[in-house]
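For ligands, and for the atoms within them, numbers begin at 1 and follow the listed sequence.
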Amino acid sequence: MKPIFRNIMMSAALFGAGTGMVGQVQAAGTSHPALTDKKILNVAHRGASGYAPEHTLLSYELGEAMKGDYIEIDLQMTKDGELIAMHDETLDRTTNGTGLVKDYTLEEIKQLDAGSWFNEKYPSYAKEEYAGLKVPTLEEILQKFGSGERYYIETKSPEVYPGMEEKLLKILKEYKLTGTNVPSSKVLIQSFSPESLKKVHALNPDIPLVQLLWYDETAAITDNELEEYKKYSIGLGMNFDKIDEAYVQKVREHDLLIHPYTVNQKEDMRKLLDWGVTGMFTNFPDRLQEVLRENRQ
Ligand code: G3P
Ligand code: CA
């Protein structure tokens, strides 16, 4: 049996085939039908960040063009309380600025060049249009891509940014991405911080959450830990290089989604799909599309 078929059969089990729940995943007391439109989620990690400077509008555009199911966005907060898309707490790696994001206003951060570093680091993917790109705010991203897109948003360093979760939920509501009659799968919120996720869950229990984990040696997880995560999240994301098939199966047996990060090589994609993951984060969403297509043939 080709891996994809095995995976779909396993997904059907996960999503309740035979129990009248096909197409639904039940977590934390909430069902999320639209999450199961497509069983394997292709998450454009920081946009299509293998090809364009991460967390720029051009990177997200490419992610969308390459048929990523979700745009992944890491959030940091400026001195004046604006949520911006940036992975690091500091400006140094992905802009020509220096220092902590929290020490600068949005106006100051908007002066920075968030694209030239990419051209220097990855000359084979360099483009003139990347030079001078700006750091986008969350609102700018939502304005540009609208409610037709899906967003997989991470609260980064929430302990550094009090009020980050409230601000995020306020914006999502303003842009009609949460609330009555909005498919809950439009937005997934992820974090390494259980406290941040539990806060979001308390503020709005309808938003699907994903707990991120990091392993520096072979991954192991207990039934108790999985049940604890399941109280507020619908799935887990973890570095793919330390997990194995038994780990994936154990997560699935607890009816949790599993989205490893950051998977950029086709061989790794194929292996993870064979093990039964329900999606993955990749800097190369086109490669994952190709692997999914191969598996369907
Ligand atoms: O959010 C999934 C993955 O992106 C977590 O790691 O460091 O790339 O945000 P990081
Ligand atoms: Ca992330």
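- Evaluated for a side-chain contact (heavy atoms from CB on, under 4.5 Å) with M86, the options L75, D74, T95, I73 yield exactly one hit, T95.
- The number of heavy atoms from other shown groups lying within 6.0 Å of CD (E227) is above 12.
- With respect to the Ca ion (ligand 2), E72 has OE2 as its nearest N, O or S atom.
- Between E154 and ligand 1, a contact under 3.5 Å exists for at least one N or O pair.
- The ligand atoms of ligand 1 that sit less than 4.0 angstrom from a heavy atom of E72 are 1 (O), 2 (C), 4 (O).
- Of the protein's non-hydrogen atoms, H87 NE2, 3.3 Å is the one closest to atom 10 (P) of ligand 1.
- When K156, R46, Q190 are ranked by how near their heavy atoms come to atom 9 (O) of ligand 1, first place goes to K156.
- Those atoms of ligand 1 with a heavy atom of H45 less than 4.0 angstrom away are 3 (C), 4 (O), 8 (O).
- Distances from the Ca ion (ligand 2) to the N/O/S atoms of E154 are shortest for OE1.
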For this session: Go through the steps for Y247 and Y215 under the test side chain to side chain donor-acceptor pair (under 3.5 Å), then give the verdict.
Result: CA-CA 12 Å; Y247 180 98; Y215 295 102; 2.7 Å; yes
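- The aromatic rings of W214 and Y261 sit parallel to each other, their planes meeting at less than 30°, with 60° as the upper class boundary.
- Side-chain contact between R287 and T282 is absent, with no heavy-atom pair separated by less than 4.5 Å.
- Atom NZ of K79 has 12 or fewer heavy atoms from other residues, nucleotides or ligands within 6.0 Å.
- The atom name of the N/O/S atom in D74 closest to the Ca ion (ligand 2) is OD1.
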